[in-house]
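Report on the following structure.
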Amino acid sequence: MLKAVGLFGGRNKKSPPLFKDYYGEWITTLKTTLLPSLHQSLSDTSPSSLPRLSLHVDALHRHFQSYYDSLDAAAQNDVAQILFPDWRNPLEKPFLWLADLHPYLFTNLLRSFLDQDSDDDDDDSLVVQFGDRPWHVATAWRSPSNSLAQKVEQVECGLRLMVPALAARARDAQAAFVERVAKNWGPFDGGKKETAKAVMAEAMEAEMEEMVSVVLDANRLRRSVLAEIIGATSVYQAALFLEGLAQFLVGFRNPELLAQFDQCKTPLTKQCRLARKGTTLFEWLDPIMRMGMQKSMTTGNGTVTSRDVAAVPYLSSFLGYEE
């Protein structure tokens with residue numbers, strides 16, 4: 001029985017370690033081991049650099065996949081601790097959707113690399129952006145293949161169908177819970193607390209079971225998007241993409257950025273004075289927002305285009321279902 005149900009009389013069991021403890025260890029490994037190793041490989045100019053970089057890309061990808069496996073296990077044990085994570089800091093929470101990063105963030109990050117080609121009109125901009133990295137790394141995202149662009153569009157079409165569908169399932173589960181409790185609460189409002197608790201437990205169990213299913217499907221969607229991106233890109237492109245994603249996650253734990261977030265509570269005029277002293281939180285978030293996070297708000301309205309319909313056969317395999 002889920003922990004949330006246990007509050008209303010469900011059976012108890014010994015709890016495994018909280019997911020926040022696992023996440024702390026996971027992000028530490030990402031920051032102190034995997035990301036530095038990837039940095040080093042991307043700057044390596046030796047003949048054996050490509051095989052070594054490929055190994056680091058695989059290791060980082062497996063790190064993300066293992067994270068979602070653990071998130072699945074945590075959801076099945078107690079979905080409430082990941083749907084309402086009080087252990088997430090204020091920088092992380094705006095980017096969460098059904099327990100973790102919105103999948104649009106992955107495609108928006110990828111789009112930022114694809115759009116790089118139109119922004120980099122001369123070689124000097126690449127030198128400034130990538131510093132002393134090898135030329136084949138600096139130019140990895142120049143002139144991306146047509147097949148990659150098509151794959152990105154296909155994934156985005158899939159998200160335009162799946163994101164609203166999953167959001168609707170979560171919304172319907174909550175609505176059914178409220179309706180069921182409200183319908184049955186009246187007869188037990190005269191002091192029959194045990195009976196009322198039983199009604200609450202039954203309704204909550206039904207909702208939690210559906211929410212677990214929704215979170216598992218959302219994680220499957222996130223895993224699939226990452227796998228599709230890594231599979232469609234070259235080793236150098238995948239390395240730069242995973243590096244950007246890892247830096248984004250690690251940045252959430254940056255004490256200076258967290259302190260700047262706290263300054264958001266101060267009057268706007270004082271924020272402006274503080275902003276003159278250095279890079280602000282909003283300057284750090286701006287590249288991500290310009291990637292199109294606002295797009296995730298506008299494309300999540302359930303509007304389906306002809307391109308989306310054409311992607312339906314792809315969606316079956318995307319979530320592991322057969323037609």
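Residue numbers count from 1 along this sequence.
- Residues Ile230 and Leu50 share a single hydrophobic cluster, defined by chaining ILVMFWY side chains whose heavy atoms lie under 4.5 Å apart.
- Linking Ile, Leu, Val, Met, Phe, Trp and Tyr whenever their side-chain heavy atoms come within less than 4.5 Å leaves Val214 and Leu96 in two separate clusters.
- Under a cut-off of 6.0 angstrom, the local environment of CD in Gln65 is crowded, with over 12 non-hydrogen atoms contributed by other residues, nucleotides or ligands.
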Salt bridge (charged side-chain N to carboxylate O under 4.0 Å, His left out) assessment of Asp86 paired with Lys20: CA-CA 9 Å; Asp86 56 359; Lys20 68 176 182 179; 5.7 Å; no

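- Although no hydrogens or angles enter the test, the distance criterion places a donor-acceptor pair under 3.5 Å between the side chain of Thr29 and the main chain of Glu25.
- To the nearest 0.5 Å, atoms OG (Ser213) and CE (Met208) are separated by 12.5 Å.
- Ring orientation note: the planes of Tyr68 and Phe106 are nearly perpendicular, at an angle over 60° on the 30°/60° scale.
- Residue Asp72 holds its CG atom at 4.5 Å from CG of Asn219, rounded to the nearest 0.5 Å.
- The line from CG of Asp217 to CG of Leu98 is 10.0 Å long, rounded to the nearest 0.5 Å.
- The shortest distance between side-chain heavy atoms of Gln150 and Ser145 does not fall below 4.5 Å.
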Verify salt bridge (charged side-chain N to carboxylate O under 4.0 Å, His left out) between Arg222 and Glu228, making sure each step is shown before the conclusion. CA-CA 10 Å; Arg222 283 182 275 255; Glu228 291 289 342; over 6 Å; no

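- Taking the side chain as every heavy atom from C-beta outward, Leu216 and Gln76 approach each other to under 4.5 Å.
- Put simply, the side chain of Arg253 does not reach to within 4.5 Å of the side chain of Lys31, judged on heavy atoms.
- Residues Leu53 and Tyr236 meet the side-chain proximity criterion, which asks for heavy atoms closer than 4.5 Å.
- Between the side chain of Asn77 and the backbone N or O of Ala73, no donor-acceptor pair lies under 3.5 Å.
- Contact of the Ser54 side chain with the Pro51 side chain is not registered, since no non-hydrogen atoms from C-beta on lie closer than 4.5 Å.
- Pro144 and Leu148 make their closest contact through CB-CD2, 4.1 Å (heavy atoms, listed as atom of the first residue, atom of the second, distance).
- Leu221 contributes atom CG, which lies 5.5 Å from atom CG of Leu159 (distance to the nearest 0.5 angstrom).
- Using cut-offs of 30° and 60° on the angle between ring planes, the pair His63 and Trp26 is parallel.
- The aromatic rings of Phe252 and Phe248 stand perpendicular to each other, their planes meeting at an angle above 60°, with 30° marking the opposite boundary.
- A donor-acceptor pair under 3.5 Å is absent between the side-chain atoms of Ser43 and the main chain of Gln40, judged by distance alone.
- If you take CD on Gln237 and CG on Leu110, they are separated by 8.5 Å, rounding to the nearest 0.5 Å.
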Determine whether Asp100 and Arg88 satisfy the following criterion, salt bridge (charged side-chain N to carboxylate O under 4.0 Å, His left out), listing intermediate values before the conclusion. CA-CA 10 Å; Asp100 198 64; Arg88 295 277 194 178; 3.2 Å; yes

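- The backbone N or O of Arg142 sits nowhere less than 3.5 Å from a side-chain atom of Thr139 that would complete a donor-acceptor pair.
- Counting only distance, with no hydrogens or angles, the side chain of Glu243 and the backbone of Leu35 share no donor-acceptor pair below 3.5 Å.
- Contact between Val137 and Leu240 at its shortest, heavy atoms only, is O-CD1, 3.6 Å.
- How far OG of Ser66 is from CG of Leu71: 11.0 Å, rounded to the nearest 0.5 Å.
- Residues Leu83 and Val178 fall within the same hydrophobic cluster, defined by Ile, Leu, Val, Met, Phe, Trp and Tyr side chains chained together at heavy-atom separations under 4.5 Å.
- In this structure, Glu92 contributes its side chain and Asn89 its backbone to a donor-acceptor pair below 3.5 Å.
- Phe95 has its ring centre no less than 6.0 Å from the ring centre of His102.
- In this structure, Ala218 and Leu166 approach most closely via the heavy-atom pair CA-CD1, 3.8 Å.
- Looking at heavy atoms from C-beta onward, Phe113 lies out of side-chain contact with Thr233 at the 4.5 angstrom threshold.
- Taking 4.5 Å as the limit, every side-chain heavy atom of Phe64 sits out of range of all side-chain heavy atoms of Arg223.
- Remark: side-chain polar atoms of Ser41 are not paired, donor with acceptor, to backbone N or O of Leu38 under 3.5 angstrom.
- Residues Asp78 and Gln81 form a side-chain contact, since some pair of their non-hydrogen atoms from C-beta on lies under 4.5 Å apart.
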Would Trp87 and Tyr23 count as a ring pair (Phe, Tyr, Trp, His ring centres under 6.0 Å) here? Give the steps. CA-CA 10 Å; Trp87 47 273; Tyr23 184 72; 5.7 Å; yes

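- Judged purely by atom type and a 3.5 angstrom limit, Ser112 uses its side chain to pair as donor or acceptor with the backbone of Leu109.
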